[in-house]
Protein chains: 2
Amino acid sequence: MRDKQHLKLSKNQALVYEALSQASKPVGAYDLLDQLKAHGLKAPLQIYRALESLIELKVVHRLESLNAWTTCCDADHDSAPIFVICDDCGDVKEHIDTGLNRSIEKISKRSGFTAERPIVEIHGRCGDCSPKTN
Amino acid sequence: MRDKQHLKLSKNQALVYEALSQASKPVGAYDLLDQLKAHGLKAPLQIYRALESLIELKVVHRLESLNAWTTCCDADHDSAPIFVICDDCGDVKEHIDTGLNRSIEKISKRSGFTAERPIVEIHGRCGDCSPKTN
DNA sequence: AAATTAATGTTATAAAGTTACCTTGTTAGC
DNA sequence: GCTAACAAGGTAACTTTATAACATTAATTT
Ligand SMILES: [Zn+2]
Ligand SMILES: [Zn+2]
Ligand SMILES: [Zn+2]
Ligand SMILES: [Zn+2]
């Protein structure tokens, strides 16, 4: 978590971050809103603004294929986060993998492209949900 | 394109596939609808249903981070398509890369996960749009 | 031809995200 | 302490994206 402890978050940012931290899976913006209505939040924009700044601070990631957000795994990474998503139980894990990141760099450079925001989201079945083949 | 020539598409499927083929970039569902209103289509669902079946047939991919669809590059691939997306000019290219696919397999197996639908979308700047460093 | 399956048509509605405009706090120079 | 500059917040209206529900028609199989 590096110095995420020392992050000075505004009220709404802190509320949204806290809600994401306590969730066991990524959460959608309107779900966050529902939860945080109890704390006085009223409009989608309050959620979206908080999420945007938390992403800027690199403590939250957006899952493009789920329209949902989750806290960073705390690996203090510069490279692309890799999300492994079980379509059965909804479990999501964040991985950091230098090999995959090298591949992304290679593919990009080969075509003169500058990778700025690589998105890797692997859908499938986790160990618990996969049919056992024994 | 393998035998995409020989695909028997229904009327709506053919219309949507044709529209995507002629576009130079991925196209959103409502943009497709606007275009195809001239051909009698009227409702979003007609577009979404056609897209769904075209994806099933593996001739179209959805770009999760763009909410848009594009035709397959015709590489007749089993492995994950990798999209390289210029956030400046909107250009999108599909790549197939065995190295990256091996990384995805490795990461998955390591945690007992079965990858079924890997999503890789690399945002950044293409060669034409990158600031030249000379 | 009857049964089955795939594709369509249409309306209404849900879910996700943004624009516009205005108000309130916080910080930094004076 | 005053004030300019800026970051954060509040609210309403709205746009964009996607799906549910239900009825109909076309193509395929038996
Ligand atoms: Zn992370
Ligand atoms: Zn699972
Ligand atoms: Zn493809
Ligand atoms: Zn470009």
Side-chain angles (χ1 to χ4, degrees), chain A residues 6-20 23 25-70 85 87 90 92 117 119 121 123, chain B residues 6-20 23 25-70 85 87 90 92 117 119 121 123:
Chain A
H6 313 124
L7 281 175
K8 258 193 317 200
L9 299 179
S10 74
K11 181 185 138 239
N12 290 1
Q13 288 163 0
L15 283 170
V16 169
Y17 185 74
E18 196 55 28
L20 285 178
K25 320 180 172 174
V27 187
Y30 280 75
D31 282 354
L32 286 168
L33 180 54
D34 282 345
Q35 286 181 44
L36 296 177
K37 272 179 177 161
H39 293 77
L41 295 214
K42 283 173 185 158
L45 196 49
Q46 299 177 290
I47 305 294
Y48 285 108
R49 287 204 274 226
L51 287 168
E52 187 181 19
S53 51
L54 292 168
I55 287 171
E56 196 78 23
L57 293 167
K58 302 192 184 228
V59 296
V60 162
H61 299 297
R62 172 176 159 86
L63 285 137
E64 298 290 338
S65 59
L66 297 178
N67 293 338
W69 288 261
T70 192
I85 302 163
D87 289 329
V92 173
R117 185 168 65 96
I119 294 164
E121 300 179 10
H123 284 254
Chain B
H6 313 122
L7 281 174
K8 259 192 316 196
L9 300 179
S10 73
K11 181 186 136 234
N12 290 1
Q13 289 163 1
L15 283 170
V16 168
Y17 184 73
E18 194 54 28
L20 285 179
K25 320 178 170 175
V27 187
Y30 281 75
D31 281 353
L32 285 168
L33 180 54
D34 281 344
Q35 286 181 44
L36 296 177
K37 272 178 177 160
H39 293 78
L41 296 212
K42 282 174 186 157
L45 200 49
Q46 300 178 288
I47 305 293
Y48 283 108
R49 289 204 275 227
L51 288 168
E52 187 181 19
S53 50
L54 291 168
I55 287 171
E56 196 78 22
L57 293 168
K58 303 194 185 225
V59 296
V60 162
H61 299 297
R62 172 177 158 86
L63 285 138
E64 297 290 338
S65 59
L66 298 178
N67 294 337
W69 289 262
T70 192
I85 302 162
D87 290 329
V92 173
R117 186 169 65 97
I119 294 164
E121 300 178 11
H123 283 254

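Chain letters run A, B, ... following the sequence lines, proteins first and then strands; every chain starts at 1.
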In terms of side-chain heavy atoms of B/S10, which of C/dG17, C/dT19, C/dA7 is nearest?
C/dA7
Distance, rounded to the nearest Å, where B/L54 contributes CG and C/dA6 contributes C1':
14 Å
Quick check, does B/Y48 stack with D/dT19? I mean ring centres under 5.5 Å and planes off by under 30°.
no
For D/dA18, does either OP1 or OP2 sit under 4.0 Å from a side-chain N or O belonging to B/R62?
yes
Please give, in whole Å, the distance from C/dG9 P to B/K37 NZ?
15 Å
What is the distance from CG of B/L33 to P of D/dA18, rounded to the nearest Å?
13 Å
Residue whose closest nucleotide on DNA chain C lies nearer the 5' end, B/K42 versus A/A29:
B/K42
Respond yes when some side-chain nitrogen or oxygen of B/K11 is under 4.0 Å from OP1 or OP2 of C/dG9, and no when none is.
yes
Consider the side chain of B/R49, meaning its heavy atoms from C-beta on, and name the nucleotide among D/dA18, D/dA21, C/dA20 that approaches it most closely.
D/dA21
Out of curiosity, B/D34 CG to B/L41 CG, how far, rounded to the nearest 0.5 Å?
11.0 Å
The nucleotide from D/dA21, D/dA18, C/dG17 with an atom nearest the side chain of B/Y30 is D/dA18
Nearest whole Å is fine: how far is C/dG9 C1' from B/N12 CG?
9 Å
Nucleotide of C/dT10, D/dG9, C/dG9 approaching B/A43 most closely (side-chain heavy atoms)
C/dT10
OP1 or OP2 of C/dT8 less than 4.0 angstrom from a side-chain nitrogen or oxygen of B/Q46, does that happen here?
no
Quick one: A/Y17 OH to D/dA8 C1', roughly how many Å, whole number?
20 Å
Any side-chain heavy-atom pair from B/R62 and B/N67 closer than 4.5 angstrom?
yes
Whichever of B/Q13 and A/N67 has the more 5' nearest nucleotide on DNA chain C, that residue is B/Q13
Among the nucleotides D/dG10, D/dA8, C/dG17, which one has an atom lying closest to any side-chain atom of A/P44?
C/dG17
Nearest whole Å is fine: how far is C/dA16 P from A/L45 CG?
16 Å
Is there a donor-acceptor pair under 3.5 Å between the side chain of A/E121 and the backbone N or O of A/E64?
yes
Calculate the interatomic distance between B/K8 atom NZ and C/dA7 atom P; express it in whole Å.
11 Å
Atom-pair distance (CG on A/L66; C1' on C/dG17), nearest Å:
16 Å
Tell me whether the side-chain N/O atoms of B/S53 come closer than 4.0 Å to OP1 or OP2 in C/dA6.
no
Measuring from atom CD of B/Q46 to atom CG of B/L15, what distance do you get when rounded to the nearest 0.5 angstrom?
10.0 Å
Just so I know, are the side chains of B/L32 and B/L51 near enough to count as touching, which here means a heavy-atom distance under 4.5 Å?
yes
